[in-house]
Amino acid sequence: SVAHLDRALCFAGVANDYTTMYQICWQRALAAEALARSTPSPALPPEILDLVSVCFELDDRYQIDPTSIRSECAAARWAVELGQFDRASAFLDRAARRWSAEITILDEAQFYRTRAALAHHSGGEPGLVRSDLERAAERYDLLGNEADAAAMRAMAAQTKSTRKQGKRAP
């Protein structure tokens, strides 16, 4: 339960266990998302981005997870969903700064997919949206994830067709 996570966070703080604090804050954000999605009208609570920001502050200070950008991509997707495009952009900038040779193909796919969503929702150039969707599809293909690859290609095709009609893709 959320109360247990809050208590565990306090104990981790008292013990100066920053890795556990990071993990609990992240689990708390995931619990907030799950709780929001379980309601009849699912809407993320804006506080979810504050929890993620605490995670990133801990990570910046103590180098808890220096080789993954999945957290940044998830945070950016949540920010896009909440209409907080500046925060989404900041989360993606953080992901780009952390990009390394150790990054996984899944990290790359999620980064391109999220950057495309941000560009689309904030009025970005359709060509860049399409390019990022195609890059994400290529990464999903490498992973053998045919469903997500097909979804990315369908969105890229929709971006092409709506551009020809002079409209933005949904």
Side-chain angles (χ1 to χ4, degrees), residues 1-124 129 132-133 135-136 139-140 143 145 147-149 151-152 155 170:
S1 82
V2 172
H4 289 101
L5 289 173
D6 290 344
R7 245 186 319 249
L9 182 60
C10 290
F11 288 131
V14 169
N16 292 327
D17 184 348
Y18 303 114
T19 300
T20 300
M21 287 177 68
Y22 172 92
Q23 293 167 345
I24 293 169
C25 278
W26 190 252
Q27 288 303 314
R28 181 70 172 78
L30 293 174
E33 178 192 31
L35 183 63
R37 303 258 188 251
S38 70
T39 64
S41 56
L44 289 176
E47 304 81 45
I48 199 169
L49 299 180
D50 297 331
L51 286 166
V52 171
S53 292
V54 169
C55 290
F56 295 157
E57 287 178 31
L58 287 166
D59 186 50
D60 287 344
R61 183 170 235 174
Y62 302 107
Q63 296 297 298
I64 294 167
D65 191 14
T67 61
S68 177
I69 62 168
R70 289 182 196 157
S71 299
E72 289 81 356
C73 289
R77 281 192 304 276
W78 291 336
V80 167
E81 187 173 331
L82 289 166
Q84 296 187 24
F85 303 127
D86 289 343
R87 284 184 92 175
S89 181
F91 292 142
L92 283 177
D93 287 347
R94 176 184 164 83
R97 286 192 308 273
R98 295 167 55 94
W99 200 287
S100 71
E102 299 168 19
I103 197 168
T104 68
I105 294 170
L106 179 59
D107 286 336
E108 290 181 23
Q110 291 178 345
F111 177 84
Y112 290 125
R113 180 182 200 158
T114 304
R115 192 169 71 177
L118 172 61
H120 167 73
H121 289 290
S122 62
V129 173
D132 276 350
L133 289 170
R135 287 178 180 159
R139 274 45 174 205
Y140 286 127
L143 294 168
N145 184 341
D148 279 336
M152 296 301 101
M155 285 189 266

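For Ala8, the side-chain contact (heavy atoms from CB on, under 4.5 Å) partners at least two apart in sequence or on another chain are Ile24. Scanning for side-chain hydrogen bond (donor to acceptor under 3.5 Å, both in side chains) contacts around Tyr112 gives an empty result, with sequence neighbours left out. Qualifying salt bridge (charged side-chain N to carboxylate O under 4.0 Å, His left out) partners for Asp17, counting only residues two or more places apart in sequence or in other chains: none. Residues that satisfy the ring pair (Phe, Tyr, Trp, His ring centres under 6.0 Å) test with Phe91, not counting sequence neighbours, are Phe56. Residues satisfying the side-chain contact (heavy atoms from CB on, under 4.5 Å) criterion with Arg37, sequence neighbours excluded, are Glu33, Leu44, Trp78, Glu81. With sequence neighbours excluded, the residues satisfying side-chain contact (heavy atoms from CB on, under 4.5 Å) with Ala109 are Arg139, Tyr140. Listed by chain and residue number, nothing satisfies the side-chain hydrogen bond (donor to acceptor under 3.5 Å, both in side chains) test with Ser89 (two or more places apart in sequence, or in another chain). Residues passing the ring pair (Phe, Tyr, Trp, His ring centres under 6.0 Å) test with Tyr18, sequence neighbours excluded: Tyr62. Under the salt bridge (charged side-chain N to carboxylate O under 4.0 Å, His left out) criterion, Asp59 pairs with Arg94, Arg98, not counting sequence neighbours. In this view, Gln27 and Leu5, Leu30 satisfy the side-chain contact (heavy atoms from CB on, under 4.5 Å) rule, not counting sequence neighbours.
At least one side-chain heavy atom of Trp99 sits less than 4.5 Å from a side-chain heavy atom of Glu108. Side chains of Pro46 and Gln84 form a contact here, defined as non-hydrogen atoms less than 4.5 Å apart. Contact of the Glu72 side chain with the Leu92 side chain is not registered, since no non-hydrogen atoms from C-beta on lie closer than 4.5 Å. You'll find the side chain of Arg70 reaches within 4.5 Å of the side chain of Leu106, heavy atoms only. Counting only heavy atoms from C-beta outward, the side chains of Val80 and Thr114 never approach each other to under 4.5 Å.
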Kindly determine whether Leu82 and Ile48 satisfy side chain to side chain contact (heavy atoms under 4.5 Å, CB included), including the steps that lead there. CA-CA 10 Å; Leu82 289 166; Ile48 199 169; 4.1 Å; yes
Given Tyr22 and Val54, is the side chain to side chain contact (heavy atoms under 4.5 Å, CB included) satisfied, shown in steps? CA-CA 8 Å; Tyr22 172 92; Val54 169; over 6 Å; no
For side chain to side chain contact (heavy atoms under 4.5 Å, CB included), just list the numbers for Cys73 and Asp107, CA-CA rounded to whole Å, side-chain angles, deciding distance to a tenth of an Å, and then say yes or no. CA-CA 8 Å; Cys73 289; Asp107 286 336; over 6 Å; no
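Within 6.0 Å of CG in Asn16 there are more than 12 heavy atoms belonging to other residues, nucleotides or ligands.
Closest of all the heavy-atom pairs between Pro45 and Ala36 is CD-CB, 3.9 Å. Looking at every heavy atom in both residues, Ala29 comes nearest to Val52 through CB-CG2, 4.1 Å.
Note: Ser53 OG to Asp60 CG = 10.0 Å, rounded to the nearest 0.5 Å. We find the CD1-CD1 distance between Ile69 and Ile103 to be 3.0 Å, quoted to the nearest 0.5 Å.
Under a 4.0 Å N-O distance rule, the pair Arg113/Asp132 does not qualify as a salt bridge.
Sorted by first and then second residue, the pairs that involve residues 38-53 and meet salt bridge (Lys or Arg N to Asp or Glu O under 4.0 Å), not counting sequence neighbours, are Asp50-Arg87.
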